[in-house]
Structure formats: C-alpha cells, structure tokens
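Worksheet for the structure shown next.
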Amino acid sequence: IDASVIHGVDWLLAQQQTDGSWRSIKYSQLEAGPAATALAVATLARVADNEPAASASAAAHRAIRNALPFLLNNLSPAGYLRSPAAASEYPTYATALTLIALEQLPPSDREPYADALQRMQTYLAAAQVSAPLPNKLATANDVGGWGLVGGDPAVFERHRDLLSALGDPVLYIGPLGSAALMKVITN
C-alpha cells in the first residue's frame, strides 16, 4: 500500500501544468482546471506530511504553492472558484476542496488567504442555504448535506458555529471522508 501511495503522489505531481493547475483530458467537465486542481491540492495536502508519502513532501508542498495562485486568482467576487476564462466548473466542489486543502496547511501558510477563505465560506453557506448555484444546474434545495461532517474532531469543534449556520442538525460522523461516504449512501 505504501508503494502505491508513493507512486500515486509521484504520478499526480507529474501531471501538474505549468500554470499550477491539473486538468482532465478525459473528462470534459474538468478540463478547465478548478475542480481537478482543487482535488489534487486537497489530496496532496492530506498526504504531504504523512508517511509513506513524506519522501515526496517537498515536491508536494511546492506543487501546492504553485496551484494556490491558479485557484485563488480565479476566485469570483461571490466567493466561488472558476476557471481563468470565468467558467464555473463544479464551483461548490472546487471551493469546498480548496477550503479542505487550505485547512490542512499550517496556520502561517493559510494567513495570506484569510480574505479568500472568508469569501469561500460565505459562498458555501449561501449556496447550501438559499442561493442557486452559479452553474444554474441545481438550487440549494437540491444539494444539501452540509449537516454531516467528517474530519479532525478539533477542527469540527473550531468551526461548529459556521457549520450550524449551514444546517441543523450538524452531526460529526467520523474521520475525513466519513461524511462524504454517508452522503453517497443516502443519495
């Protein structure tokens, strides 16, 4: 398993574009870059400082630093991520993954992005509570699921008030990925 993780991280690092993005050449809805880049950054942030991927830690951190400007320079005034051409490609997905990735960075690395973090949190709250999504494919009533939370219990407690504003009840489900799994099961 360790060798597979290292191989996967190496492959992911090799796929990064010169503009800092990752793009899908097979899945047309991800070819503009924000959603695929956010997923890659969240993945690298999760594994960068953990064994067995620690051997690729410096390269992973460098890739994250190169990707964040691609993502955050394309942050809309409303707080969602879009492509350089202003296309809204899975904006809620890309925005949420970027928040996850930023949360995993040391506080000193997050500090320069404080305004962007606030704007993204505000967008996600509005998208889940009352506003139609920017891509017009779904309304807030269609997507929901923000009351289920997975991840570090200390991070959950630190953001409980924000999460409570998104929906009631707010339920801590377990480790990172647990809430997503529960959402898939309930869908």
Working to the nearest 0.5 Å, report the span between [atom1] of [X] and [atom2] of [Y].
X	Y	atom1	atom2	answer
Y172	R160	OH	CZ	11.0 Å
H61	D109	NE2	CG	8.0 Å
M120	Y113	CE	OH	10.0 Å

Do [X] and [Y] have side chains that get closer than 4.5 Å, going by heavy atoms?
X	Y	result
T92	Y80	no
L44	L13	yes
W22	L39	no
E103	R158	yes
N74	L81	no
L117	L99	yes
I25	E31	no

Qualifying residue, where the test is side-chain contact (heavy atoms from CB on, under 4.5 Å) with T98 and the options are L102, I100, T95: L102
If you compare all heavy atoms of [X] against all heavy atoms of [Y], which two are closest, and at what distance to 0.1 Å?
X	Y	answer
Y93	A35	CD2-CB, 3.7 Å
A116	L72	CB-CD2, 4.1 Å
A38	A94	CB-O, 3.3 Å
A67	T37	CB-CG2, 3.9 Å

Is a donor from one side chain sitting under 3.5 angstrom from an acceptor on the other, for Y123 and S76? no
Is a donor on one side and an acceptor on the other found under 3.5 Å between the side chain of S24 and the backbone of K26? yes
Side chain Q16, main chain G20, donor-acceptor under 3.5 Å: yes
